Peer 1: 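Sharing a structure here in structure tokens format.
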There are 2 protein chains.
Amino acid sequence: MSIVTLVQSVADTLTPSERVLVKEVMARPREIALSTAGELAERAGVHEATASRLARKLGFDSYANFRDAIRDEFIVQTDPAVRMRNTLAQSRGNSLLGGLIAQEIEALTHLPDYIGDDRLKAAARQLTDRRKVFIFARGNAESLAVLMERRLRRMAIDAVLLSGDNRDVAERLLALNADDALLTFAFRRQPRHYAAVIEHARKVGAFTLAIAGSIGPALTPAADLLLSAPRSGTADGFQTLTVPMAICNGLILQMAETAERRSLVRLEELGRLISTFETS
Amino acid sequence: MSIVTLVQSVADTLTPSERVLVKEVMARPREIALSTAGELAERAGVHEATASRLARKLGFDSYANFRDAIRDEFIVQTDPAVRMRNTLAQSRGNSLLGGLIAQEIEALTHLPDYIGDDRLKAAARQLTDRRKVFIFARGNAESLAVLMERRLRRMAIDAVLLSGDNRDVAERLLALNADDALLTFAFRRQPRHYAAVIEHARKVGAFTLAIAGSIGPALTPAADLLLSAPRSGTADGFQTLTVPMAICNGLILQMAETAERRSLVRLEELGRLISTFETS
DNA sequence: TAACAATTGCAAGATAATTTGCATAATAAT
DNA sequence: ATTATTATGCAAATTATCTTGCAATTGTTA
């Protein structure tokens, strides 16, 4: 039941101080959701005890429960990602595919919260200016590495997969120099040999970019630039590559725009493509 | 200073428990912003004292200050109303990443229109019942094939990539028989040798499944079962693998549910995972 | 005008949340 | 093998927040 409905149901019994509190809650619910009862009361010019009594009058066991309801209605449910997910889930019923898609959509919707266009542009600029891009990934991220290698090659950018056993990786890394870039992926945990690879890249002066999940900030040593956002799914269980793939695709598109060179599509198609994505 | 930057600045001094906490914060910052230190710690499986220490290590006077910073960055600053007032932020509409995400979301939203749960279940049942799954893909779809091969293996299903040149493919196809399944991908156009591969599979009585884009219905000869939906992007230009990846992930989850066997996650986690996707 | 009822601030008490000293276990260094 | 250091859970202490009994004030009614 919404806060408005609850208030309406007791409106005729509200005291003057309670009315002032209610007005304050409805005027700035998100701020109130992140405040204490004392802060709300101070803002309304009444005593905090009155705030506690109002919560009780509205049917909540405590002010904390009242605040939890405000949070759910004005922060959780108004989150565009949650709203979209719920709308889809409602229309699709108890479908496994529907549920999966709803979670992907929620995660994608939040992606811009983690990665601003400035960061994407900086990363694109760096990769475009380099002679060769070395790509390092382990585990499931290897399929993303394969994809990026192909996409970069289509853009006439020399890309090298650092795959195979440790000897193969080390041998290929010998070719890395200051004119190159290193692109590395990290999702569930910091990949084996990540530190050694990054340290070598730093030593030779190459630019390093990490595309990561929630562990991104904790990667050590840090890459020169980090693009990280949480993936959808569960922490210990099934996680998808949809969010990292969107990061990769965004990076490729940004590089295409940055470079203004012949790439995956012909120049006029590139223009149409970019305008398609920008005006959506 | 952002939470990510703060974490990066101390990343090399983080203890294992602190890393787990950080990962949790980055995975669901909005939920953490509305929780207590004890709730975060419980979720991460560490002690609440560790959460307090982490806040101090990150430079905050208290956990409450740390939480206020999370709130500001992930609730206040991401509020659409605030974002539009923020002179430094670009609105999502004019953002390249925003446009890309909007298109991915639109395509994902329509995916259930093309693929019903009955079709997904039928495909899952067939793949689960077979002895071995052969995977055939060309071009960018190869990264999906790599992913599917890994996922199927994690589910204890024997999977074989039909990669390499034509001779390699032909040699491996010789092992295909009536107890097996063939999974093939087709997006921009019918892949070279698709017809030969499908015909051979039909001849030996194997089950054939095609995961395709808009050309799916036009594939000839047809596979026994087709899962196809249009990808996002433009017909002649840049297209992403987000929709086919969602199909693959849905298939894997459906197979996990269908088989009720040990898979990517332990059985109890599987139960939780499936319920997460189904009740969202 | 007096009695009664309601409102609401005060402050003590209760509860919730966080911090910190301490001890133990694990790890690293000698 | 021994010693030193670090990590982290435990629990007591502290702080923050909320609730409730009480009383003063104000408004209403007879």
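In this text the structure is predicted, and so the values were computed from the model without any measurement.
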Peer 1: In terms of side-chain geometry, is the basic nitrogen of B/Arg43 or B/Glu39 positioned less than 4.0 Å from the acidic oxygen of its partner?
Peer 2: no

Peer 1: Would you kindly give the CG-to-P distance between A/Leu54 and C/dT8, to the nearest whole Å?
Peer 2: 11 Å

Peer 1: Could you tell me whether A/Arg131 and A/Asp180 make a salt bridge, using a distance below 4.0 angstrom between a side-chain N and a carboxylate O?
Peer 2: yes

Peer 1: Just how far, in rounded Å, is P of C/dT18 from CZ of B/Arg53?
Peer 2: 15 Å

Peer 1: Within this structure, what is the CD1-to-C1' distance between A/Ile32 and D/dT17, rounded to whole angstrom?
Peer 2: 16 Å

Peer 1: Side chains of B/Thr242 and A/Thr242 only: does a donor on one sit below 3.5 Å from an acceptor on the other?
Peer 2: no

Peer 1: OP1, OP2 of D/dT8 versus side-chain N and O of B/Thr15: anything below 4.0 Å?
Peer 2: yes

Peer 1: Could you pick out which residue, B/Leu14 or B/Ala49, lies toward the 5' side of DNA chain D when each is mapped onto its nearest nucleotide?
Peer 2: B/Leu14

Peer 1: Within residues 35-48 of chain B, which residues have any heavy atom lying less than 4.0 Å from an atom of DNA chain C?
Peer 2: B/Thr36, B/Ala37, B/Gly38, B/Glu48

Peer 1: Any chance you could measure B/Ile252, atom CD1, to B/Arg150, atom CZ, to the nearest 0.5 Å?
Peer 2: 12.5 Å

Peer 1: Given atom CG of A/Asp68 and atom P of D/dC18, what is their separation to the nearest angstrom?
Peer 2: 11 Å

Peer 1: Measure the distance from CG on B/Asp61 to C1' on C/dT20 and round it to the nearest whole Å.
Peer 2: 15 Å

Peer 1: If you check every side-chain atom of A/Tyr63, which of C/dT19, D/dT19, C/dT8 has the closest atom?
Peer 2: D/dT19

Peer 1: Can you tell me the distance, in whole Å, between the CG atom of A/Asn65 and the P atom of C/dT15?
Peer 2: 15 Å

Peer 1: With rounding to the nearest 0.5 angstrom, report the CG to CG distance, A/Leu34 to B/Asp68.
Peer 2: 8.5 Å

Peer 1: Any ion pair linking A/Glu24 and A/Arg28 (charged N to carboxylate O, less than 4.0 Å)?
Peer 2: yes

Peer 1: Using whole Å, report how far CD of A/Glu18 lies from P of C/dG9.
Peer 2: 11 Å

Peer 1: Determine yes or no for a side-chain-to-main-chain donor-acceptor pair under 3.5 angstrom, with B/Arg19 supplying the side chain and A/Ala218 the backbone.
Peer 2: yes

Peer 1: Give A/Arg56 one of three labels, base, sugar-phosphate or nothing, depending on what nucleic acid heavy atoms sit under 4.0 Å from its own.
Peer 2: sugar-phosphate

Peer 1: Give a yes/no on whether any side-chain N or O of A/Ser52 is located under 4.0 angstrom from OP1 or OP2 of D/dC18.
Peer 2: no

Peer 1: In whole Å, I'd like the distance from the CZ atom of A/Arg67 to the P atom of D/dA16.
Peer 2: 15 Å

